[in-house]
There are 2 protein chains.
Amino acid sequence: MIPGTRRRRHRHEKVTLSDVAQAAGVSAITVSRALREPEKVSPALRETILRVVEQMGYVPDMAARALASKDSGLIGVLTPGLTSYAFIAVMRGIEDRVRSTDLRIQYANPGDGRNDDGRKLRFFFSQNPAGIIYVGLQHDSALDDLLRRAPCPVVEIMDVSHAPAEMAVGIDHRLAAEAATRHLLEQGYRRIAMLGASWDNRSKRRLEGFQSVLEAEGLFDPSLVLSIDSYTSVGLGAHLLDRLLSDHPDADAAFCHSDDLALGALFECQRRGRSVPNEFGICGFNDFDYAGVAFPSLTSVRLPRYEIGYRAADMLIRATGGGRQAPTVVDLGFQLIARQSTARNAPKGPTG
Amino acid sequence: MIPGTRRRRHRHEKVTLSDVAQAAGVSAITVSRALREPEKVSPALRETILRVVEQMGYVPDMAARALASKDSGLIGVLTPGLTSYAFIAVMRGIEDRVRSTDLRIQYANPGDGRNDDGRKLRFFFSQNPAGIIYVGLQHDSALDDLLRRAPCPVVEIMDVSHAPAEMAVGIDHRLAAEAATRHLLEQGYRRIAMLGASWDNRSKRRLEGFQSVLEAEGLFDPSLVLSIDSYTSVGLGAHLLDRLLSDHPDADAAFCHSDDLALGALFECQRRGRSVPNEFGICGFNDFDYAGVAFPSLTSVRLPRYEIGYRAADMLIRATGGGRQAPTVVDLGFQLIARQSTARNAPKGPTG
DNA sequence: CTGTTAGCGCTTTCAT
DNA sequence: ATGAAAGCGCTAACAG
């Protein structure tokens, strides 16, 4: 009753394997087997043991298990985009694939900016992971080396535009950007801007694609490439479009590095009374769920994000069993989804 | 050159503490100390040791460390909403607070629906976590008991409408819903619907608040409460509003359980040519970044999600040091942000 | 400040 | 099918 006088909890003398063994009248190893390889224990014993386990509320100590078996059952997912909307679908894919196994997932954010991917990777290695899913920002040779000598299988995901250390699943971001840019050209836009948030590997690839297509037409203007190094967001999209139109009122379209930027751009156009798609075309990237629901709906590039996650986990799980194979690259492909926001001269421009 | 003939890697004879010790001509424990409590080792030795560590590429084995010290340095974050947009800000808060420590975070999704929170919790416990951040869906007494006898500090986050086992950080969802509903009434809306996606604890709390305010005015109509049990999304918001207006054309406002539903509702109104806010009011929840950027901008209830995460991690870290205190509840409060989507009779209705 | 001894809880290997 | 012994790599507790 008297506050502050509560006895400390957190004391629960931990139930160990030998406790269970003793209670069940068998040796520790038999309990261990009953839990992990039930078929190697006689049915009768097995049942007894499992009952005792249940009764005593025994839970294996993962640290001890990992130490003894050199297998943590841990899949490490390492990405700077951990807290990004785009990564949610990837996580779902990974989780769904892993759910039926007894592996666990540990996410880690290698910290923004600084080149400490190496540190984080090393750290992961120190946990005897069963596998690692890695989303690289940069890709210098030191990192490549590190991945190559990883103590477990590694799948690099999202981008497949360069040879992976071992396995990779994703799409070719350069090609995706080319397709989007070409689409804008086909719709008759000429002063096309690019709105982006950060300049990681993939963004750079997209810029390359964007630039090459426009340069071929003599239409590339570097001053139409806008970015701020911060979290991508709808608000940022509005801000960038505002800047774009203030400085370059003649810009007539934007290819955005993500749909949230595109949505922000759309709102800003509406606010300025600039008709989308007739006076301004918008193409996003990622095909987030709202792209198809927006009014007008947003043209975007669909990435199979869920599938990338699912497939990566799948490859990892398979690789865990067998030995090493030669480098494997899986390109899951993208899809340009043309919608109203670039449908110039379409039946009816919804906005302006 | 011949593919498939590559020698198996993953072999790197692991460098252990004693390897380093031997190379440095000291005992293992000294190396251990040099790494964890540098001030307890003479500067000269320390430097030598750290150099050798670097040279040999030694990385501590976390499993061994956890086993020996009974401290995994792991903070478990357990939430069914791991892959939800709303949780991203919470994660950022947690990560930011934890970054400066040597703790690590392990996220886990207790699986959708089924009542296996208990299993997941037990599993976490088996890793000797330093602390646990828990987002509950349900809150039965069995679970409460489990939390109460956790082997580490536990912070329950998001909702503070009931007494926690130990510590809690969040807001009162019932009050938040009451505020939102009252706001809609004040703006003159009368046939107010509620659009939601799932019926977890917090959603139920919000429904209670919504219902009580409307009932006090004799305006509650259960047939205006719509929900589907699935991921919340912009598309779902559009769908629910479509259903609402088809069945109840006289509905004149909606309180949405999340801003993505609200945004979808807005788009659907625009599509139907129903003016927001004059012919229909929309109030969201969460105050996602786009709420303020949308056109018209969306009225919403702001939750301090980042702060909740940061604070939860902070409390955990503090609790790690000291012993147990009496149950602690921190209500971080919400804020109703009135914007255009409920500004009936405002200077200028942007849409219709 | 540095070292010795013991043991964390489990699994491996080898017997039986 | 079951068990005994040994040890995974590290740190706690105590000595010196």
Side-chain angles (χ1 to χ4, degrees), chain A residues 12-50 52-53 56-74 102 122-123 125-130 151, chain B residues 12-50 52-53 56-74 102 122-123 125-130 151:
Chain A
H12 264 276
E13 293 318 327
K14 186 170 192 164
V15 182
T16 71
L17 202 56
S18 12
D19 295 337
V20 176
Q22 206 165 353
V26 296
S27 73
I29 185 62
T30 306
V31 179
S32 176
R33 281 202 270 257
L35 257 26
R36 291 174 305 125
E37 313 162 291
E39 73 283 2
K40 292 196 174 177
V41 175
S42 73
L45 247 193
R46 188 194 316 158
E47 207 175 327
T48 316
I49 292 175
L50 293 181
V52 176
V53 163
M56 304 182 68
Y58 168 72
V59 187
D61 182 312
M62 297 320 281
R65 180 176 280 186
L67 180 58
S69 68
K70 317 204 67 45
D71 173 15
S72 63
L74 216 55
D102 55 356
R122 255 183 266 271
F123 174 77
F125 294 168
S126 78
Q127 304 188 69
N128 295 316
Chain B
H12 267 274
E13 292 319 325
K14 185 169 194 164
V15 182
T16 71
L17 201 57
S18 12
D19 295 337
V20 176
Q22 205 164 354
V26 297
S27 75
I29 187 66
T30 307
V31 178
S32 176
R33 281 201 271 257
L35 257 26
R36 290 175 305 126
E37 314 163 290
E39 73 283 1
K40 293 196 174 177
V41 174
S42 74
L45 247 191
R46 189 195 314 157
E47 208 175 326
T48 317
I49 292 175
L50 294 182
V52 176
V53 163
M56 305 183 67
Y58 167 73
V59 187
D61 182 312
M62 298 319 282
R65 179 176 280 185
L67 180 58
S69 69
K70 316 203 64 50
D71 173 15
S72 63
L74 217 56
D102 54 356
R122 255 182 266 271
F123 175 77
F125 293 168
S126 79
Q127 303 188 67
N128 295 316

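Lettering follows sequence order; numbering is per chain, from 1. As a basis for the values below, the full set of heavy atoms in this structure was taken, side chains included, without hydrogen atoms, waters or symmetry mates.
- Rounded to whole Å, the distance from CG on A/Asp71 to P on D/dG9 is 14 Å.
- Side chain of B/Asp61, nearest nucleotide from C/dT4, D/dG9, C/dC10: D/dG9.
- Distances from the side chain of A/Leu45 to the nucleotides D/dG9, D/dT2, D/dA13 place D/dT2 closest.
- Comparing B/Val41 and B/Ser69 along DNA chain C, the residue whose closest nucleotide (by nearest heavy atom) sits nearer the 5' end is B/Val41.
- In the set D/dT11, D/dT2, C/dC8, the nucleotide with an atom closest to the side chain of A/Arg33 is D/dT2.
- With rounding to the nearest 0.5 Å, the separation of CD in A/Gln127 from CE in A/Met62 is 12.0 Å.
- Of the side-chain N and O atoms in A/Ser32, one or more sit less than 4.0 angstrom from OP1 or OP2 of C/dT11.
- Atom CD1 in A/Ile29 sits about 7 Å away from atom C1' in C/dT12, given to the nearest Å.
- Between A/Arg46 atom CZ and D/dA1 atom C1' there is a gap of 11 Å when expressed in whole angstrom units.
- The side chain of A/Ala64 sits closest to C/dG9 out of D/dA12, C/dG9, C/dG3.
- Here the CZ-OG distance, from B/Arg36 to B/Ser69, works out to 7.5 Å after rounding to the nearest 0.5 Å.
- As rounded to whole Å, 6 Å separates atom P of C/dT11 from atom CG of A/Leu17.
- One atom, OH of A/Tyr58, and another, C1' of C/dG9, lie 7 Å apart when rounded to the nearest Å.
- Close to C/dT2, at under 4.0 Å from its OP1 or OP2, lies a side-chain N or O of B/Ser42.
- The side chain of A/Ser27 approaches D/dG3 more closely than any other nucleotide in the set D/dG3, D/dG9, D/dT11.
- In this structure, the CD atom of B/Glu37 is 9 Å from the P atom of D/dT11, given to the nearest Å.
- Remark: C1' of C/dA6 and NZ of B/Lys70 are 15 Å apart, rounded to the nearest angstrom.
- Atom CE of B/Met62 and atom P of C/dC10 are 19 Å apart (whole Å).
- In this structure, of D/dC10, C/dT12, D/dC8, it is D/dC8 that holds the atom nearest to the side chain of A/Leu67.
- A close approach under 4.0 Å does occur between a side-chain nitrogen or oxygen of B/Arg36 and OP1 or OP2 of D/dT11.
- For the pair B/Ala21 and B/Ser27, the tightest heavy-atom approach, listed with the atom from each and the gap, is CB-C, 3.6 Å.
- How far OG1 of B/Thr30 is from CG of B/Leu35: 11.5 Å, rounded to the nearest 0.5 Å.
- You'll find that the side chain of A/Arg65 is closest to C/dC10, out of D/dG3, D/dT2, C/dC10.
- If you take CG on B/Asn128 and CG on A/Asp61, they are separated by 5.0 Å, rounding to the nearest 0.5 Å.
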